[in-house]
Amino acid sequence: MYYKIKRYTWRNKMEYKFNEIEKKWQNIWREKGIFNAPDKSSKPKYYVLSMFPYASGVLHVGHASNYFIGDVISRLKMMEGFNVMQPIGYDAFGMPAENYAIEHNSHPRLTTEENIAAMRIQFDSMGFGFDWSREISTCRPDYYRWGQYLFKKLYEKGLVYRKKGFQNWCDKCQTVLANEQVVDGHCWRCGSIVEQKELEQWYFKITEYAEELLDFSKVIDWPERVITMQKNWIGRSEGAKVDFILEGTNEKIPIFTTRPDTIYGVTFMALPPEHPLVQKWLKEEPDNKELQDFCHKVINEDKVLRSAEETIKEGIFSGRYAINPFNGDRIQIWITNYVLMDYGTGAVMAVPAHDQRDFEFALKYHIPLKIVIQKPDMSLKVEEMQEAYIEPGIMVNSDKFNGIDSEEAISAITNWAVENGWGEKTVSYRLRDWCISRQRYWGNPIPVIHCPHCGIVLVPDQDLPVELPDNVQVGRTTKNPLLSVPEWINVPCPKCGASAKRETDTMDTFVDSSWYYARYTDPNNDKEPFSKELADYWLPVDQYIGGIEHACMHLLYARFFHKFMRDLGWVKCDEPFARLLTQGMVIKDGAKMSKSKGNVVDPKYIIDRFGADTLRTFLLFASPPEKDVDWSDDGIIGAFRFLKRVWRLIDNNLEFIKRSSQLGECSDSISEIIKVLRYETHYAIYRWREDCLQRMQFNTAIATCMEFLNAILKIQEPEKLNAAELKIFAFACATLPKMLYPFAPHIAEELWQKMGNKNMLNDCGLPEYDERFLMLDKITYVIQVNGKLRGKIEVEPDIKEEEIKQIALEVDNVKRHISEQDIKKIIVVPGKMVSIAVGK
RNA sequence: GCGAAAGUGGCGGAAUUGGCAGACGCGCUGGACUUAGGAUCCAGUGAGGUUAAACUCAUAGGGGUUCAAGUCCCCUCUUUCGCACCA
């Protein structure tokens with residue numbers, strides 16, 4: 001293997017020396033700083049951003065392909081004349097870094113900085129046009145300081161609160177776990193059973209923005225799929241809140257329902273064990289073993305399993321009753337496993353006749369059914385019901401609402417509740433507030449001090465950032481390492497000076513990534529997160545690129561933050577990302593390329609052997625940006641061969657290309673073959689522009705480059721061309737590097753320079769076609785008889801329809817297929833075809 | 001279960017508004033060349049058929065609209081993704 005590579009490299013020195021070329025241009029780009037976007041420019045701005053990488057230290061080919069798409073767009077927009085900013089940075093806080101440091105007996109700060117240095121080299125070797133002067137890293141105090149500042153602003157606006165709630169808790173790791181970190185009820189890291197623990201956690205009130213987050217009218221171009229996912233995630237439903245009364249008290253038990261039309265059919269109430277009333281009863285009846293056991297069991301059940309549709313509904317009668325305000329009915333209150341505490345009001349009015357879940361539960365526990373909506377044919381009977389009747393119908397057993405249509409009854413009944421003070425019309429969302437607390441060291445500290453006298457006190461601005469202490473022993477204790485740094489925890493209260501304690505929870509890393517796109521506009525500002533002026537200049541991000549897996553996480557959080565920052569007056573626009581492209585993954589051996597699957601390809605391996613341009617060209621050519629790419633070693637070679645042929649074409653013809661630039665006007669006659677080349681050139685430019693600028697379909701743009709190359713290579717002996725022909729040939733050759741530049745920038749720049757050009761390709765405009773040359777002397781019409789291809793004719797472009805028909809009917813093969821039959825219709829599609837319909 | 005997207009050669013994928021299906025690349029076959037290479041060049045390559053043509057069939061399967069359907073409509077199948085006790 002080694003021998004082969006060596007030998008090959010030597011051979012290659014004769015021609016396409018990609019290693020040298022790529023280093024050369026990477027250096028030139030850096031020295032000239034052409035990708036450092038100025039904050040003032042006569043050009044219009046264009047902000048291209050790919051979701052920043054996690055600072056894992058290693059970029060495999062799968063990661064790289066994401067950034068290639070952004071880089072292509074960025075270079076295209078530069079050619080088009082925009083002031084392009086394409087920044088890069090690192091998502092650098094988080095559990096993986098902390099775990100990595102534990103494994104390597106190091107400190108996350110050190111390992112993360114090492115990783116970042118390694119990634120920078122990797123990025124450079126792939127030829128990215130990043131604005132390195134704007135590099136950020138979320139784990140540096142100059143960045144996270146402003147995350148803390150934002151936390152404070154959110155707090156001041158009432159958008160942050162602490163709440164006790166049941167959380168996935170791993171006792172061994174001593175932290176809250178997200179739902180996706182719980183695998184079959186066990187901790188993904190240590191395997192111990194995850195419990196539900198009632199903890200006080202910090203929340204961001206994202207639900208406050210639920211309504212606006214459903215509105216996508218201000219984005220320019222987002223995939224419909226992502227919009228649907230976010231809308232489903234937010235899950236808006238209209239309904240009513242109605243207060244039932246706990247029997248024997250004045251206590252109200254509010255319920256939320258989307259079906260107020262069924263309210264006369266309520267036969268019991270269902271509460272989850274987490275409900276405050278239930279919690280109160282648990283305290284009142286410590287000896288009620290049945291109740292205690294049931295609630296304990298349900299609460300500790302895995303959240304995912306518990307909310308699965310297949311899970312059998314279970315419950316226990318609480319011994320209490322509630323009163324339905326509409327009819328005074330006395331209904332049993334059941335504690336069940338199928339009601340969720342954190343949706344609606346956490347209490348459900350159960351209507352077994354008209355709700356499938358309630359139906360199943362009632363059947364099991366012999367709770368009566370009451371029909372209040374009849375089928376139009378009035379055939380519904382309680383004894384015969386096999387399932388709940390959830391369709392609309394006619395109201396029965398519902399006092400004054402009897403006889404009306406159930407769909408109309410929804411608003412009538414809601415209004416009746418409002419008039420009587422029993423309830424109100426409300427909207428409920430599936431979206432929950434965002435729990436941002438993490439009991440981990442490697443994250444942004446929550447800037448709060450707990451004072452025994454003043455309670456929660458925000459750290460004053462002048463004391464920001466609350467820096468993470470360095471002297472922790474990561475991994476030494478299972479507890480949050482911050483708990484073991486008393487000199488950090490114990491501080492005087494900023495308000496009263498009493499001895500107080502710092503908050504030791506850190507923020508979810510999604511907080512860090514919710515506003516980084518804005519920080520790039522002014523990354524070195526040490527007075528504020530970013531200046532309003534610069535944010536208004538650069539924002540919104542014109543083109544954002546990233547994986548669909550962030551549809552309901554990062555992309556939703558960032559929209560929330562953006563709207564909040566707009567309400568603070570920090571930014572003007574309504575949406576952070578005007579256009580979104582969700583790129584596909586790189587697939588190898590049938591699976592996503594990932595370290596854990598062991599199917600990663602190291603870009604360095606490919607770059608050393610074929611060059612970054614080959615890697616870029618292959619990945620972009622293999623499929624459209626939003627689709628997955630199948631990794632293929634053979635495909636790489638195809639891209640490599642293509643670039644070598646480009647190299648040879650231009651390198652072999654430099655003399656002619658240079659000579660043609662000295663030629664003045666000339667009026668030599670042009671041969672047919674050169675006329676075809678001229679047409680191919682302009683047609684290729686036309687299609688390339690369509691693919692690159694209109695459709696963003698880079699695979700076909702590269703295919704166009706390949707076809708164009710093949711067309712030029714048809715010219716065998718350029719030395720025999722006359723002056724006029726030579727100019728056409730040279731124009732074609734000079735166009736190719738321009739078309740290649742976004743995909744394979746190094747080879748394009750090198751060839752462009754070798755041709756004698758002094759400027760660089762980002763600065764020389766898009767290739768332009770000339771309408772006049774998109775016309776050929778002859779056009780081919782195909783002739784169909786009854787829809788089948790029967791012949792082709794070549795005609796003048798400006799020929800009349802009648803004439804085409806005549807010529808078409810004269811074609812032998814066409815005649816044969818018409819034979820004895822009558823011609824019913826002849827259709828001429830201009831420039832394309834003649835369709836003849838025949839029959840008896 | 002509900003919703004969405006998709007299904008095209010041996011493979012990745014083209015086909016812009018209903019208008020020559022399979023662009024481009026890989027692979028494969030045959031040939032040329034020799035610095036025997038992960039090199040280059042030429043020719044061929046959906047299936048059947050033919051010396052070569054003609055011709056027939058073909059875009060998951062079945063029906064329909066149309067002079068004309070990968071593209072539009074209806075039904076079925078498969079795959080992928082999202083949601084899935086949200087009252």
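Chain identifiers are assigned alphabetically (A, B, ...) following the order of the sequence lines, protein sequences preceding nucleic acid strands; residue numbering begins at 1 within each chain.
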Measure CE/A:Met553 against C1'/B:G82 and give the value in whole Å, please. 15 Å

Pair assignment for B:A69, Watson-Crick or G-U wobble, requiring both distances under 3.5 Å: none

Look at all strands and tell whether A:Asp358 reaches a base, only sugar-phosphate, or nothing, counting heavy atoms closer than 4.0 Å. nothing

With sugar-phosphate meaning primed atoms plus P, OP1 and OP2, does A:Arg432 contact a base, only sugar-phosphate, or nothing at under 4.0 Å between heavy atoms? base

NA contact type, A:Lys792, heavy-atom cut-off 4.0 Å: base, sugar-phosphate, or nothing? base

Length of the line joining A:Arg645:CZ and B:C24:C1', which is rounded to integer Å: 11 Å

For B:U29, the Watson-Crick or wobble counterpart (both distances under 3.5 Å): B:A43

Base, sugar-phosphate alone, or nothing: which one does A:Thr228 contact when heavy atoms must sit under 4.0 Å apart? nothing

How would you label the contact of A:Thr258 with the nucleic acid (heavy atoms, under 4.0 Å): base, sugar-phosphate, or nothing? sugar-phosphate

Length of the line joining A:Lys832:NZ and B:A15:C1', which is rounded to integer Å: 11 Å

Ignoring backbone atoms, test whether A:Arg648 places a side-chain nitrogen or oxygen under 4.0 Å from the OP1 or OP2 oxygen of B:A39. no

Please report whether the ring centroid of A:Phe610 lies less than 6.0 Å from that of A:Phe618. no

Rounded to whole Å, please give me the gap between CZ in A:Phe698 and C1' in B:G25. 18 Å

Paired to B:U35 by Watson-Crick or G-U wobble criteria (both distances under 3.5 Å) is none

Looking at A:His817, I'd like to know whether one of its side-chain N or O atoms comes within less than 4.0 Å of OP1 or OP2 on B:A54. no

Please state the P separation for the pair B:A6 and B:G18 - nearest whole angstrom. 15 Å

Any idea if B:G61 is syn or anti, going by the 90°-from-0 cut? anti

The Watson-Crick or G-U wobble partner of B:C55, with both key distances under 3.5 Å, is B:G48

Under 4.0 Å between any heavy atoms, over every strand shown, what does A:Thr704 touch: base, sugar-phosphate, or nothing? Just pick one. nothing

Contact class for A:Arg430 (heavy atom, under 4.0 Å): base, sugar-phosphate, or nothing? base

Options B:C24, B:A14, B:A68, nucleotide nearest the side-chain atoms of A:Met706: B:C24

Using purine N1 to pyrimidine N3 plus N6-O4 or O6-N4 for Watson-Crick, or N1-O2 and O6-N3 for G-U wobble, each under 3.5 Å, what pairs with B:G18? none

Over all strands shown, is A:Gln697 touching base, sugar-phosphate only, or nothing at heavy-atom distances under 4.0 angstrom? sugar-phosphate

So A:Gly787, base contact, sugar-phosphate only, or nothing? Heavy-atom distance under 4.0 Å. sugar-phosphate

To the nearest angstrom, the CG-P distance between A:Asn786 and B:A68 comes to 7 Å

Could you tell me whether A:Asp630 contacts a base, only the sugar-phosphate backbone, or nothing, with contacts defined as non-hydrogen atoms closer than 4.0 Å? sugar-phosphate

Between residues 339-351 of chain A and RNA chain B, which residues have a heavy-atom gap below 4.0 Å? A:Val339, A:Leu340, A:Tyr343, A:Val348

